[in-house]
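First listed ligand is number 1; within each ligand, the first listed atom is number 1.
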Amino acid sequence: FLALGAVVVEGQTEDTFRAGNTVFSPAVAAARDLRYLLYDINPPEGFNLRRDVYIRMASLVKTLRRHSDWVLVLPPWGRLYHWQSPDIHQIRIPWGEFFSLTSLQGNVPVIEYEEFIAESGGPFIEQVLVLQNYAEGWTDGKWEEKVDQRPCVERLLYSKDKQGYYRGWFWGYEETRAVNVTCLSAQGHASILAPLLQNNITSTSVMLDKAETVLHDHYAGKDYWDTRRSMVFAKHLRLLGDEFRAKYLNSTDEQDQTIYNEDWTRIKNKLGSARGGPYLGVHLRRKDFIWGHREDVPSLKGAVKKIRNLMKKNKLDRVFVATDADEEELEELKKILPEITRFEPTWEDLELLKDGGVAIVDQWICAHARYFIGTSVSTFSFRIHEEREILGFDPKTTYNRFCGDSEKECEQPTHWKIVY
Ligand SMILES: C[C@@H]1O[C@H](OP(=O)(O)OP(=O)(O)OC[C@H]2O[C@@H](n3cnc4c(=O)[nH]c(N)nc43)[C@H](O)[C@@H]2O)[C@@H](O)[C@H](O)[C@@H]1O
């Protein structure tokens with residue numbers, strides 16, 4: 001590898017692969033001279049941060065595709081720290097269970113991991129690059145984009161087997177092994193990796209591990225939003241959410257002016273055009289957010305006080321609460337907020353939807369509320385903001401968060417406008 005200097009990523013939106021132009025077909029892929037980009041993320045990270053890293057990787061693949069035929073391999077879902085429902089099988093979950101694949105493919109060519117195995121002819125990933133930060137941090141406090149092959153700083157989570165291949169966590173696919181594993185110090189936008197992947201590495205399949213190390217090429221720019229808009233939830237989950245809205249919250253798209261189109265490239269709703277269902281939508285993040293005694297997270301009593309306040313102010317008599325609260329907190333919440341509505345799947349439903357599917361249904365229902373309030377710096381809440389932005393809600397009804405009971409300056413979330 002060579003040390004690479006700054007790479008210009010301005011003009012990133014001028015992608016050769018434009019949204020909606022092409023729908024990628026894996027059958028066609030087999031006949032072409034394809035290269036595969038795989039990636040994974042630091043194990044403790046949750047579902048919605050992972051969705052954010054997908055956007056960064058999609059952007060990198062678009063940059064790579066200016067020169068050759070790359071396809072993004074979707075890392076199967078599973079073994080997430082927050083998915084704690086017991087006794088359900090939660091590994092090797094394909095993206096198709098949570099997202100619409102045709103929608104994703106309308107943005108950038110993607111394939112499921114099992115298609116990659118079938119197409120590439122074996123369970124091997126040729127090159128794994130484990131991304132890491134520079135041990136020395138920023139030099140002189142100056143931000144500089146750079147990439148270098150460096151010795152691995154942390155102990156590798158890969159070990160060589162008798163045949164000389166690397167074993168590690170490949171999403172629960174025991175037969176998958178890597179031919180080569182090296183570390184790469186990287187600092188900068190995702191696309192700074194493109195020249196190296198293009199010119200210095202000849203492997204057909206390359207996996208970036210700890211892909212969250214690199215940043216968005218252009219956060220909240222057109223390319224960001226194209227990818228975000230293409231991350232349409234799987235239809236069965238949207239339908240479940242819609243049924244729940246109709247049954248328990250008196251909410252339908254016609255009544256609430258929440259226009260949707262199966263083709264995401266056709267959704268361009270004006271801000272303020274969506275009215276939303278007659279309920280308050282709440283995302284109340286608990287568990288690891290309260291264990292740290294964070295100043296910006298309210299007590300249950302504090303949250304309920306705010307909820308009542310908002311219901312009164314917005315003349316709403318129903319409240320839908322999405323939360324990861326434990327049993328004890330839930331009991332307390334039900335006591336102090338008896339009118340609470342929650343999506344509580346049966347065990348059979350949970351087995352089918354899994355924790356990820358339940359989280360999506362929760363997000364979908366919050367996204368359709370007349371007014372929404374979320375939790376400070378939770379990516380779960382951020383993804384709801386984006387969904388509401390796509391639906392065309394007035395920003396005043398979306399970018400709201402709870403304040404900690406004794407938080408002094410309670411800054412509210414930023415409004416990121418869609419760039420079409
Ligand atoms: C402190 C950090 O917090 C970050 O969490 P944060 O941004 O809220 O959001 P996520 O990255 O999604 O992680 C939180 C996970 O907890 C569950 N969860 C949280 N709230 C709800 C809810 O209202 N309904 C349902 N059904 N599930 C919920 C769900 O599995 C979700 O993916 C983590 O990604 C990082 O790994 C780290 O732990």
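Across Glu389, Arg388, His385, a single residue satisfies side-chain hydrogen bond (donor to acceptor under 3.5 Å, both in side chains) together with Tyr399, and that is Glu389.
Taking the ring centroids of Tyr224 and Trp416, they lie at or beyond the 6.0 Å cut-off. Aromatic pair Trp364/Tyr260: centroids less than 6.0 angstrom apart. Residues Phe47 and Phe98 place their aromatic rings such that the two centres sit under 6.0 Å apart. Checked against the 6.0 Å centroid threshold, Phe170 and Tyr158 count as a close aromatic pair.
Contacts of ligand 1 (protein heavy-atom distance under 4.0 Å) are Pro44, Glu45, Gly46, Phe47, Asn48, Leu49, His82, Trp83, His283, Arg285, Asp288, Phe289, Ala322, Thr323, Asp324, Val358, Ala359, Asp362, Ser378, Thr379, Phe380.
The aromatic rings of Trp83 and Trp77 are tilted relative to each other, their planes meeting at an angle between 30° and 60°.
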